Every structure is written in structure tokens, then in C-alpha cells.
Amino acid sequence: MSRSPEAPPPAAALLLSDGEPNIRVPDRARQRPILEQLSPQERDVVVSRGRKKVLNRGATLFSQGSPHDGIYLIESGRIRVFYAAPSGREITLAYWYPGNFVGGPEIFGGGPHVWSGVASCNSSVLHLSGAALRELVVTIPALALGVIDGLVFKGKCYSTMAQMLGTRSITERLAHLLLHLADLYGVEEEDGGVLIAASFTHADLAHLVGATRQWVTISLKRFAERGIVSATRSDLVIRRPDMLLAMRNGEA
């Protein structure tokens, strides 16, 4: 029997570049939440300079090409950032969770956004304008260090993602993603399988691995025929993580 979706711990992220070739290993793809590094008084100052925004699922937070101004600290929910090609094809860069921020790389404003951000579920964020953020990082060193750490983390993730897209086959990328989803959302079933207790459509998976929805649907059907996964309209259960590991490493 499937269970209700469980959100990952604070400051978790879902990116194609994350995850090691082992299933059910916690505390990865995560950075220390920025506001957690501040004293209570410093947090109060930061929050007082921001503007809270609540988004329903599917609402746009910022759009590719729109003017850039500051960052958004994620308080709740999940924000998907993605790049859209002139052809209209999209690739998901990451899903970011509470404790992270989105809106980079020009955190102090200036220039257009180079990708878009939307709420993939009901979410709330705290917007810090570029001018406010510049003043805050000068007076609160812990905030400055947190922002730098966040930019470094994102830079490494996107760099690794670019390398993976350029060097791994789509099948290897899908196997890698399924293992990572199991790490973040896995719920062990009585029969030994690992249920991915989160709602991701075939289109969502396709946007993460750089494929079409049809290709993902066909691939999951083939995985099911081989006993690697079992999939229904609402549930995806990992049956043979060892085979996914072999596929991820180009050994199958």
C-alpha cells in the first residue's frame, strides 16, 4: 500500500546532478539553510526587509528574460527552475525546497533572468530586493557567507549537470534520477520495494533528464517488463536498484 508523499528535509534539492550510486543514503543534495546560520536578531532583521509572497501551484515566480531584482528565500513548498529554448522545449534545472534561495545568479539585480521559476506546489517565499540584500550582506557577515555558500552549491550542481547531459546517455540519466528520487522520497514497502512517495509526472521526469514524455513512458514500461520497477498511474516502486545502478554506470 502506498503512503502519502513526504517532503524531504529542509534545504534539500532535486537536481539531475545529485545522488550517489547507492539507494537510501540520507543527507545529500542539501545545504545548510541560509537563515539557520543567523542569530534570532539577525533573522528578524532580514525578514523585516523582505516581502512575503504566496504562490499557488503552477504560479510563476519569475520569468526568463524578465528584469532581475534580488533573490527569493523559500519558506515552504517547492520551486521548479527551468530553461526554455526558442523552440519551446524545456529542461528542468532543479527543484528547490525550503531553506534554499532562487533568483540567481545576479543576486543584487541588473540584467534579465536567464531561466524561469514556478511553484510546483503551493509555496511561500520571502523576496529580498537587490538593494536590500546588498545592504544586509554588508552588515550581517553570516548572511553574506550563506549566500556565497548557496551560489557555490548551485554552481557546482549546474556544472555537474552540464557534464552529465553531455556525457551520459538518456537511459543512464533516467536510472540515475530514479535512484536519486528513491533517496529523497523513498518509502520501504513490505515486499522489499522502495516506493517513490512523491508526485512527478512522466513529463516532469522528461524535463529533468532532457528527453520527451513519450520516451520516458516507453522506458518505464520496458523497466517494468524487466522487473526493475513497477509503475501505475499514481505509484512508482523501485524493485531492482542493483539493475538501475548498473544502467547508471553504463554496465547494462
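In this chain, residues are counted from 1 in sequence order. Please read these numbers as outputs of a predicted model, since none were measured by experiment.
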When you look at Lys156 and Val152, which way does the side-chain contact (heavy atoms from CB on, under 4.5 Å) test go after all the steps?
CA-CA 6 Å; Lys156 288 181 177 180; Val152 170; 3.9 Å; yes
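- Side-chain atoms of Arg80 never come within 3.5 Å of backbone atoms of Ser120 as a donor-acceptor pair (strictly under, hydrogens ignored).
- For the pair Ser63 (side chain) and Ser116 (backbone), a donor-acceptor distance under 3.5 Å is absent.
- Tyr83 and Tyr158 have their aromatic ring centers separated by at least 6.0 angstrom.
- For the pair Trp115/Pro105, a side-chain contact is recorded, criterion being any heavy-atom separation below 4.5 Å from C-beta on.
- Glu106 places no side-chain N or O within donor-acceptor distance of the main-chain N or O of His68, the cut-off being under 3.5 Å.
- Using a 4.5 Å cut-off on side-chain heavy atoms (C-beta onward), Leu220 and Leu205 make contact.
- Lys154 places a side-chain N or O within 3.5 Å of a backbone atom of Phe101 that can act as its donor or acceptor partner.
- Side-chain atoms of Asn122 come within 3.5 Å of backbone atoms of Arg57 as a donor-acceptor pair (strictly under, hydrogens ignored).
- In plain terms, the two heavy atoms of Met247 and Ala175 that are nearest each other are CB-CB, 3.9 Å.
- Connection of Ile74 to Val118 is not established within any shared hydrophobic cluster, with ILVMFWY side chains joined at heavy-atom distances below 4.5 Å, either directly or through further cluster members.
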Test log, rule side-chain contact (heavy atoms from CB on, under 4.5 Å), inputs Arg49 and Leu133:
CA-CA 8 Å; Arg49 296 297 304 275; Leu133 183 61; over 6 Å; no
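- Distance alone, capped at 3.5 Å, is enough to place a donor-acceptor pair between the Ser219 side chain and the Trp215 backbone.
- Between the side chain of Asp69 and the backbone N or O of Gly130, at least one donor-acceptor pair lies under 3.5 Å.
- The line from OG of Ser199 to CG of Leu236 is 11.5 Å long, rounded to the nearest 0.5 Å.
- The aromatic rings of Phe62 and His113 sit parallel, their planes meeting at an angle under 30°, below the 60° perpendicular limit.
- In plain terms, the two heavy atoms of Arg248 and His176 that are nearest each other are NE-ND1, 2.9 Å.
- Counting all heavy atoms, side chain and backbone alike, Gly77 lies closest to Ser123 at CA-OG, 3.4 Å.
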Item to complete: Show your working on side-chain contact (heavy atoms from CB on, under 4.5 Å) between Leu178 and Ile228 and close with a plain yes or no.
Response: CA-CA 11 Å; Leu178 292 177; Ile228 299 173; over 6 Å; no
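- Separation of atoms CD (Glu75) and CG (Leu126) is listed at 5.0 Å; rounding is to 0.5 Å.
- Side-chain contact between Asp44 and Val47: absent, with no pair of heavy atoms (C-beta onward) separated by less than 4.5 Å.
- Atom CG of Leu128 and atom CD1 of Ile71 lie 5.5 Å apart (nearest 0.5 Å).
- The closest donor-acceptor contact from the side chain of Asp183 to the backbone of His180 lies at 3.5 Å or more, if one exists at all.
- Annotation: side chain of Ile107 is not in contact with side chain of Val137 (no heavy-atom distance under 4.5 Å).
- Considering CG of Leu244 and CG of Asn249, their distance stands at 11.0 Å, rounded to 0.5 Å.
- Ring centroid separation for the pair Trp96 and Tyr72 does not come in under the 6.0 Å cut-off.
- In this structure, Arg239 contributes its side chain and Ser230 its backbone to no donor-acceptor pair below 3.5 Å.
- Between Ser76 and Ser124 the shortest heavy-atom distance is OG-OG, 2.7 Å.
- The hydrophobic clustering, which links ILVMFWY residues whose side-chain heavy atoms are closer than 4.5 Å, places Leu145 and Val45 apart.
- To the nearest 0.5 angstrom, Glu90 atom CD is 4.5 Å from Phe82 atom CZ.
- Leu208 and Ile218 end up in different hydrophobic clusters when Ile, Leu, Val, Met, Phe, Trp and Tyr side chains are linked at under 4.5 Å.
- When all heavy atoms of Val209 and Ile170 are compared, the pair lying nearest together is CG2-CG2, 4.4 Å.
- Side-chain atoms of Leu143 and Glu42, non-hydrogen and from C-beta on, never get closer than 4.5 Å to each other.
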**Request:** Could you check Leu14 against Leu177 for side-chain contact (heavy atoms from CB on, under 4.5 Å), going step by step and ending with a plain yes or no?
**Result:** CA-CA 9 Å; Leu14 171 59; Leu177 177 61; 4.2 Å; yes
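- For the atom pair NE2 (His207) and CZ (Arg89), the distance works out to 8.5 Å, reported to the nearest 0.5 Å.
- Hydrophobic clustering (ILVMFWY, side-chain heavy atoms < 4.5 Å, transitive): Leu136 and Ile148 are in distinct clusters.
- In the hydrophobic cluster analysis, where Ile, Leu, Val, Met, Phe, Trp and Tyr join through side-chain heavy atoms closer than 4.5 angstrom, Phe223 is grouped together with Leu245.
- Side-chain N or O atoms of Ser129 include none that pairs as donor or acceptor with a backbone N or O of Gly70 at under 3.5 Å.
- For the pair Thr60 and Lys53, the tightest heavy-atom approach, listed with the atom from each and the gap, is O-NZ, 4.5 Å.
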